[in-house]
Chemist: 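So that we are looking at the same thing, I have put the structure below in structure tokens.
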Amino acid sequence: MKKYNPKDIEPKWQKYWDENGTYVANLDSDKEKYYGFAMFNYPSGAGIHLGHAKNFTIPDILMRFKRQQGYESYSPVGFDSFGLPAENYAIKTGQSPRVTTDEALESYRNQYRQMGWSMDWTKEIDTSKADYYKWTQWCFLQLYNDGLAYQKESLQWWCDIDKSVLSDEQVIAGKCWRHDGDDDPLVSKKSLRQWFFKITDYADEILEATDALNWTPWVKTAQKNWIGRSEGTVATFKLDGLGADNEHLDVFTTAIETIYGVTFMVLAPEHPLVAQYGQHADNAQDVDEYVLHAMRKSDIDREKEKVKTGVPIEGLFAINPVNGEKIPVWIADYVLMGYGSGAIMAVPGQDERDYEFAQKYDLPIVYTTDKNEFVSYGPEIKPDRTKFAMANSGEFNGQNLEEARQNIVAKLEKDGTGEAKVTYKVRDWLISRQRYWGAPIPIVHCDACGVVPVPEDKLPVELPEIENYQPPGDGRSPLANAPEWVQTSCPKCGGEAQRETDTMDGYVCSSWYQMRYLSPHDDTQAWDPKRAEQWMPVKFYNGGDHATAHLLYARFFTRFFNKKGLVPDPEPFQQMYFHAKILAEDGTFFSKSKGNGIDPLEIIESGYGADALRTYISFMAPPDVESPWNSDGLPSCYRFINRAWTLVQEFNETDGSVEEGQDKEILQATHKAIEKVTTDIEAIKYNTAIAAMMTLVNDLHKIKEDDTYASPAWQFALESLVQLMAPFAPHAAEELWRDLGHGDSIHISHWPELDEQYLVQDTMTLAVQVNGKVRAEIEVAADAEEEAIKQEALSQENVQAHLDGKEPKKVIYVQNRLVSVVV
RNA sequence: GCGGAUGUGGUGGAAUUGGUAGACACGCUAGUCUUAGGAACUAGUGCCGCAAGGCGUGAAGGUUCAAGUCCUUUCAUCCGCACCA
């Protein structure tokens, strides 16, 4: 008998599928379309790991299923290949990122194929190739033309030794990643002029659309948190002293009703008024020191700070717009420049944080409600606000908080000292990177014309090959090391001009690739809007990372291009599925440092094959449940495939003798499996789909225990089984399909058709409960009358015993389930 | 602190949404066979008990003929956000 050997059949069919274009999608097909994929990879030198295996197997199963169902199923493939690791490697070795990336890509292509993923390789994209980033630059220009791309000074981490910009992940415990010794200096912040995308313009509509999405629920919550909308009031306080008499200070608060309790003001250390008036303060030196100290701390470090610190700006006061009270102004780093206006009115009587600060620095505390509870902490909490009465608040005393809030806002608006306002946590998207290995920003700086966008017909602005990947030391990217590239002529006036040397954040590249996949080789446009009309939004998008930024940015781009009429839907991903991680056998996370990783390729090559690996990854738990790897689990899936294999081989070796006696049983088992597997794949519950197939295999083995079957029913059962298995174990299924006499690929065959008549049983087994406890089981005809069933139930010996001579008060029959007798 | 979720055998996990808890696997026990293997096959396996029976879904209450599922309280764990004004 032919043995199951994945090492033989897997490479064979991989080659066949490639050569026959089995998975090549016709993007202009008339068929109903199904478009799905997983977040693409950064091709690192290390190759794929178990997480990648899961990431791409999840959509692959669904896409294969849809293909069999007759959809034009498009599984695109691509690589997010710009990024820091290749650049860091280049700095270290001088080897071009282009070269190392290409090497990594070649290896990835092989590994993807070995996993048996049904990707359409004829449409592969690579974000670091000019034919892709040309259109990333085009996207930039569209945003620029609509005023959604702009330049602004912004602070960047800076290493004084390298004279180079650092990304967040290159700052480790406040020091540069390459200079983190005890004697090395802390990193500092340097102000650079950088490019931003105005995503805040879209914050509201993205937020509003979030609830309706068919996305993993917590991802939606994360999106909403990230946007962080809160409704409140901006109040204007006039300043007094230190020559600031004509200045005013705007603060944002969600609890304006506490304004009578303001006993001090707090500015973030970066607040512009600090730089302006701090030097005039009586304690100018303290102010200076405090600001310097705070600026050196990263935001993360600041948040870790348990004890609040601050200094007053002595001599500077603010005037409370509601009662004219003169209150001191402080600086403290518990106030963040990035939120609201970077300044707060502190109400220690009603706010926990302000209370803590006031306690420490001995500042006065005024309560503005009749109950001394904190009310302004967070926009979400709503202690029944109508139950609090205002106190110490002048004309508003006695009103409940809700009334007072409205009345105070009205008063401020009338006086011109405040207004209702909505703020967001999300800030504009900083896309400038002072890096080499990214898409150049298509902008030219002309001495005469200023900032000039590169005309669309001059795209791409190609990334030049350079000699030295070390940053030049002036805050510009290594592209500044290529003067002949930087030096150019102005597209407007033709005069001397310099190219922008910043490149774009990698997230820009991945914000629109779902559209590029539809026109991967089009050199006349970023994508064909007619194709987008047919294919967008993406039906199924899987990922196990990037729950916030990437998805938010992709939504921003899609909304923008939707308004331009280039995509049919404002949302990019109809369904977003966020899978959970596979854990190590001990329940901890896999990590490079622990070296406890499991190499998918090793598993395949050890003889278990990709099919068993794919099946086990899908079987171990529902994909969205974190579950530890169990090395004994893999063999169990191999065994399952092998048992199916045996059924087919034995069938092939029979002499054709027909046993029809158990056809009905065979068909019932088969259709039950068809139904279960179909609904479970649709619901991404692969674990129970596989369990149903295992049950079918077990059933078929049992049925044939004594005889060898060769009936048409038996053949239908085997063919259906193999077709059901095809999305999970595509190689073995293909081989078995051919063994069953088919000339064409199983993957473009069809999905087994369900015949519901076989789901109905002739008889059914009902449980009989007496006072809620099961006391007997009865077997009755499926179409038996309710009365007859009840009689049958009551006549059971054990039921009678538990009735103990009493008359049942009630007998309940639940259809197809049980009979419940109440005494 | 706020928000979201989850607690089921020795293990991963099932459970038609209120209807026989533990599907399917792993592991374990016993057995069969043998070109002795990390093979295949068969049977058993929630707990206590020889059995009858009893007990069982983190804990405690409640609703119901019937609760893993609904309600209340509570404990634990995980995740997201977090000095967001």
Side-chain angles (χ1 to χ4, degrees), chain A residues 217-226 228-230 232-233 251-256 258 266 268 299 302-308 332-336 338-347 350-354 356-357 374 376-381 423-426 547-548 580 583 585 587 616 619-622 625-637 639-640 642-643 646 675-676 679 685 687-695 697-698 701 705 765-777 808-823:
Chain A
W218 73 263
V219 175
K220 295 205 283 187
T221 311
Q223 296 261 301
K224 290 194 273 184
N225 284 344
W226 186 276
R229 180 191 154 100
S230 64
T233 311
V251 295
F252 176 75
T253 174
T254 53
I256 192 66
T258 63
V266 187
D299 287 354
R302 265 208 217 176
E303 281 158 18
K304 275 189 198 141
E305 213 71 53
K306 288 270 151 47
V307 184
K308 297 189 187 355
D333 67 3
Y334 81 90
V335 173
L336 307 173
Y339 184 73
S341 60
I344 60 158
M345 55 178 223
V347 186
Q350 308 299 150
D351 185 284
E352 205 178 329
R353 296 153 300 174
D354 298 341
E356 190 190 327
F357 194 79
F374 301 123
S376 74
Y377 194 64
E380 296 299 329
I381 53 157
T423 44
Y424 298 93
K425 252 192 282 186
V426 68
T548 45
L583 304 175
E585 293 212 46
Y616 179 57
F619 179 64
M620 55 195 297
V625 171
E626 237 173 40
S627 181
W629 182 260
N630 177 357
S631 48
D632 290 325
L634 191 71
S636 77
C637 288
R639 203 171 300 139
F640 155 64
N642 200 21
R643 276 164 64 78
T646 305
E675 196 214 11
K676 183 76 177 146
T679 55
K685 288 165 111 185
N687 57 328
T688 46
I690 293 165
M693 292 188 278
M694 288 173 165
T695 305
V697 167
N698 292 347
H701 269 280
E705 217 147 62
T765 309
L766 301 177
V768 183
Q769 297 182 341
V770 179
N771 284 342
K773 290 203 193 311
V774 179
R775 298 301 181 187
E777 272 185 6
K809 279 192 206 137
K810 224 198 278 183
V811 180
I812 299 158
Y813 170 56
V814 183
Q815 196 149 33
N816 303 335
R817 298 269 171 248
L818 50 73
V819 179
S820 184
V821 181
V822 189
V823 189

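Chain identifiers are assigned alphabetically (A, B, ...) following the order of the sequence lines, protein sequences preceding nucleic acid strands; residue numbering begins at 1 within each chain. All values below were derived from every heavy atom in this structure, side-chain atoms included, with hydrogens, water molecules and symmetry-related copies excluded.
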Chemist: A/Tyr616: which residues meet the ring pair (Phe, Tyr, Trp, His ring centres under 6.0 Å) condition with it, sequence neighbours left out?
Modeler: A/Trp629
Chemist: Looking at residues at least two apart in the chain, or sitting in another chain, which of them share a ring pair (Phe, Tyr, Trp, His ring centres under 6.0 Å) with A/Trp226?
Modeler: none
Chemist: Nearest whole angstrom, please: distance from the C1' of B/C2 to the CH2 of A/Trp218.
Modeler: 17 Å
Chemist: Tell me whether B/U72 sits syn or anti, counting syn as a glycosidic angle within 90° of 0.
Modeler: anti
Chemist: According to side chain to side chain donor-acceptor pair (under 3.5 Å), who are the partners of A/Asn698, at least two apart in sequence or on a separate chain?
Modeler: A/Arg643
Chemist: Tell me which of A/Asn225 and A/Ile344 sits closer to the 5' end of RNA chain B, going by the nucleotide each one is nearest to.
Modeler: A/Asn225
Chemist: Tell me whether the side-chain N/O atoms of A/Ser230 come closer than 4.0 Å to OP1 or OP2 in B/A85.
Modeler: yes
Chemist: Output one letter per nucleotide in nucleotides 35-46 of chain B: B when a protein non-hydrogen atom lies under 4.0 Å from the base, S when only the sugar-phosphate is that close, - when neither is.
Modeler: -----SS-----
Chemist: Quick one: salt bridge (charged side-chain N to carboxylate O under 4.0 Å, His left out) partners of A/Lys224, sequence neighbours excluded?
Modeler: A/Asp211
Chemist: Where are the stems of RNA chain B, defined as at least 3 consecutive Watson-Crick or wobble G-U pairs with both distances under 3.5 Å?
Modeler: B:1-7 with B:75-81, B:10-12 with B:24-26, B:27-32 with B:40-45, B:46-48 with B:53-55, B:58-62 with B:70-74
Chemist: Can you name the residues that form a side-chain contact (heavy atoms from CB on, under 4.5 Å) with A/Asn225, not counting sequence neighbours?
Modeler: A/Thr221
Chemist: Taking the side chain as every heavy atom from C-beta outward, state whether A/Phe357 and A/Asp351 have any atom pair closer than 4.5 Å.
Modeler: no
Chemist: Mind telling me whether B/G9 is syn or anti, cutoff 90° either side of 0?
Modeler: syn
Chemist: Taking only residues two or more places apart in sequence, or in another chain, which ones meet A/Thr695 in a side-chain contact (heavy atoms from CB on, under 4.5 Å)?
Modeler: A/Asp699
Chemist: Sequence neighbours left out, what passes salt bridge (charged side-chain N to carboxylate O under 4.0 Å, His left out) with A/Lys676? Give chain and number order.
Modeler: A/Asp680
Chemist: Mind checking what makes side-chain contact (heavy atoms from CB on, under 4.5 Å) contact with A/Ser627, not counting sequence neighbours?
Modeler: A/Met620, A/Ala621
Chemist: Which residues pass the side-chain contact (heavy atoms from CB on, under 4.5 Å) test with A/Val823, not counting sequence neighbours?
Modeler: A/Val770, A/Asn771, A/Leu803, A/Lys806
Chemist: What is the nucleic acid contact for A/Asn816, judged by heavy atoms within less than 4.0 Å: base, sugar-phosphate only, or nothing?
Modeler: nothing
Chemist: How close or far is atom P of B/C79 from atom NZ of A/Lys224, stated in whole angstroms?
Modeler: 21 Å
Chemist: Summarise protein proximity over nucleotides 6-23 of chain B in one line of letters, 5' to 3': B for base, S for sugar-phosphate only, - for none, counting protein heavy atoms closer than 4.0 Å.
Modeler: ------BSSSB--BB--B
Chemist: Starting from C1' on B/U64, measure out to NZ on A/Lys810 and report it in whole angstrom.
Modeler: 9 Å
